[in-house]
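Remarks on the structure that follows.
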2 protein chains.
Amino acid sequence: MKDKPLPTRDRILQAAGKLFQQDGIRTVSVDAIAEKAGVTKRTLYYHFRSKDDLIAAHLQARDEPNLALFKRWFNEAEGDIAEKVGGIFRHLAHSARIAKWKGCGFLRTSVELINLPGHPALIVARAHKKRVEDWLSTIFMEAGADNDAAPLARQIMLLLDGSFAVVLLHRDPSYMETAAEAAARLISDRLPVSGRLQPIVASQTI
Amino acid sequence: MKDKPLPTRDRILQAAGKLFQQDGIRTVSVDAIAEKAGVTKRTLYYHFRSKDDLIAAHLQARDEPNLALFKRWFNEAEGDIAEKVGGIFRHLAHSARIAKWKGCGFLRTSVELINLPGHPALIVARAHKKRVEDWLSTIFMEAGADNDAAPLARQIMLLLDGSFAVVLLHRDPSYMETAAEAAARLISDRLPVSGRLQPIVASQTI
DNA sequence: CAAAGTATACCGGGTAGTGAATATACACAA
DNA sequence: TTGTGTATATTCACTACCCGGTATACTTTG
């Protein structure tokens with residue numbers, strides 16, 4: 001589409017993103033990232049202080065778009081809240097069916113950096129997951145779950161991240177539909193009136 | 001206790017186990033394992049064809065004891081099936097509260113070897129998780145869940161592996177109690193008579 | 001000119017894996 | 001009992017390579 005020449009820093013981030021997603025963090029060398037970005041290693045180190053910095057910056061760059069995607073999937077799905085949350089799982093299952101899918105980069109980071117407890121990328125990853133959880137919690141709260149909203153959001157997160165882990169291992173996206181079903185049960189158990197969302201815009205179907 | 005001199009191969013396996021668990025697979029060098037086992041690297045390569053072989057052997061060695069632990073935690077817990085499954089999560093939470101806890105080695109392997117789809121260790125890891133799932137499925141089946149047994153077992157696995165992933169990231173074991181509560185809801189939703197386990201031996205109720 | 005950005009070439013250290021020789025244990029013959 | 005052959009088990013020293021990071025000098029651009 002638009003081949004806007006994209007600033008060097010962003011080209012590096014983009015190259016790093018593709019490689020990290022595909023092959024993991026530790027196996028991807030700085031040299032490989034620099035080459036993929038069409039830049040020498042020295043240039044990369046001009047824009048990022050270290051590989052660790054680059055990793056954190058990479059996750060930071062993924063934070064917002066990732067959350068936005070979840071919101072879109074939720075909003076575009078039809079039905080009550082249980083079904084709208086199910087929409088997230090269904091879209092995830094769809095993604096997982098393409099060969100290149102490699103699970104959740106934020107969770108994977110916590111595994112790859114397991115021996116570096118204070119790593120800056122871990123802080124970014126935790127913040128991201130918390131944002132998603134808080135967003136879910138808000139939704140349940142607005143739907144009248146009251147005191148159940150927070151624990152319910154946590155349970156959905158467990159199913160969500162569980163899906164990432166299990167599907168990454170077994171390479172069987174149908175687990176995500178199983179997760180969607182579990183989420184639906186947990187949600188409709190605790191939401192009043194089967195939790196149909198109040199019309200936000202104008203014409204929400206009644 | 002008993003300082004039986006333990007065959008070399010097992011000493012290597014044990015050393016590898018500790019290091020892999022603590023620091024991950026990729027970051028631990030063969031040299032480090034050999035040193036920890038009190039053995040030269042060359043003798044390590046006498047007992048294992050490659051590091052990849054060693055990884056697979058390590059997971060294989062953990063398969064049986066790990067499952068046995070789950071079974072013990074389940075059996076020792078009091079109450080109906082929901083509570084007995086909850087016992088697994090509670091024991092897990094207890095483990096996770098000690099500093100050295102590092103999540104599930106089987107799941108972590110699938111992350112660390114993400115760019116080696118055919119790696120033998122992945123096959124071992126998948127088989128292990130399947131064994132756990134099948135064991136749960138059998139339990140639910142015997143409790144009368146019928147057609148719901150298999151999907152229910154998968155949902156418990158999602159919560160279980162989700163717990164591993166989430167707690168590893170956030171370092172907050174209370175998620176495991178949230179998972180236990182979700183599991184209890186999903187189970188008692190689908191088990192008849194609140195799912196108290198029938199005596200297995202003679203008197204199976206018809 | 002000065003600052004930002006890029007290129008070449010390099011360093012010290014760590015990696016998985018190997019070659020060749022040696023040590024140990026045990027079977028069997030004298 | 002002693003000597004010898006053989007398979008198992010172990011060691012030391014080594015290769016060939018890859019990694020994150022850097023010193024220095026050059027080029028572009030306001």
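Bear in mind the structure is a predicted one, so any value in this text is a computation, not a measurement. Lettering follows sequence order; numbering is per chain, from 1. In what follows, every heavy atom counts, from backbone to side chain, and hydrogens, waters and symmetry copies are set aside.
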| remark: Assign each of A:K41 and B:K41 the nucleotide of DNA chain D bearing its closest heavy atom; nearer the 5' end lies the nucleotide of B:K41

Give each protein N/O atom lying under 3.5 Å from an N/O atom of nucleotides 22-25 of chain C, with the pair distance.
none

| request: Drop me the distance from B:I25's CD1 to B:L19's CG, to the nearest 0.5 angstrom. | output: 12.0 Å

| task | Show your reasoning for whether salt bridge (Lys or Arg N to Asp or Glu O under 4.0 Å) applies to A:R97 and A:E177. | result | CA-CA 12 Å; A:R97 279 181 228 282; A:E177 278 135 32; 2.7 Å; yes

| said: Taking ring-ring contact (aromatic ring centres under 6.0 Å, His included) as the cut-off, I'd like each qualifying pair that reaches into residues 82-114 of chain A, sequence neighbours left out, listed once. | reply: A:W73-A:H91, A:F106-A:H128

| Which residues pass the salt bridge (Lys or Arg N to Asp or Glu O under 4.0 Å) test with B:R185, sequence neighbours left out? | A:D189, B:E181

| said: Checking A:K41 now: which residues fulfil salt bridge (Lys or Arg N to Asp or Glu O under 4.0 Å) with it, not counting sequence neighbours? | reply: A:D31

| request: Using heavy atoms and a sub-4.0 Å distance, could you list which residues of residues 46-53 of chain B are near DNA chain D? By number, please. | output: B:Y46, B:H47

| request: Keeping to residues at least two apart or across chains, list the ring-ring contact (aromatic ring centres under 6.0 Å, His included) pairs with something in residues 23-55 of chain A. | output: none

| field | Set of residues satisfying ring-ring contact (aromatic ring centres under 6.0 Å, His included) with respect to B:F20, sequence neighbours excluded | value | B:H58

| So among A:F70, A:F74, A:F140, which one has a ring pair (Phe, Tyr, Trp, His ring centres under 6.0 Å) with A:W135? | A:F74

| Passes side chain to side chain contact (heavy atoms under 4.5 Å, CB included), A:R9 versus A:I12? Steps please. | CA-CA 5 Å; A:R9 194 191 135 96; A:I12 296 171; 5.7 Å; no

| Is there any side chain to side chain donor-acceptor pair (under 3.5 Å) pair reaching into residues 108-125 of chain B, and which pairs are they, with sequence neighbours excluded? | B:R26-B:N115, B:D52-B:H119

| remark: The ring-ring contact (aromatic ring centres under 6.0 Å, His included) partners of A:H170 (sequence neighbours excluded) come to A:Y175

| field | Neighbours of DNA chain C within residues 16-36 of chain A, by heavy-atom distance under 4.0 Å | value | none

| task | Report the C-alpha distance between A:R131 and A:E64 in whole Å, list the side-chain angles of each, state the deciding distance to 0.1 Å, and finish with yes or no for salt bridge (Lys or Arg N to Asp or Glu O under 4.0 Å). | result | CA-CA 10 Å; A:R131 281 189 78 190; A:E64 187 59 40; 3.0 Å; yes

| said: Nearest whole Å is fine: how far is C:dG17 P from B:L54 CG? | reply: 10 Å

| task | Specify the separation, in whole Å, of atom OH of A:Y45 and atom C1' of C:dA9. | result | 16 Å

| query | Nearest of C:dA20, C:dG17, C:dT6 to any side-chain atom of B:R42? | reply | C:dA20

| Nucleotide range of DNA chain D lying under 4.0 Å from chain B heavy atoms | D:dT8 to D:dC12

| Five-pair end axes of the helix from C:dC1-D:dG30 to C:dA30-D:dT1, angle between them (10°) | 10°

| field | Distance-only polar pair, side chains of A:R62 and A:Q21, donor-acceptor under 3.5 Å | value | no

| said: To the nearest 0.5 Å, what is the distance between OG on B:S137 and CG on B:L152? | reply: 8.5 Å

| B:L159 vs A:L159, side chain to side chain contact (heavy atoms under 4.5 Å, CB included): CA-CA, chis, key distance, verdict | CA-CA 6 Å; B:L159 288 170; A:L159 289 169; 3.8 Å; yes

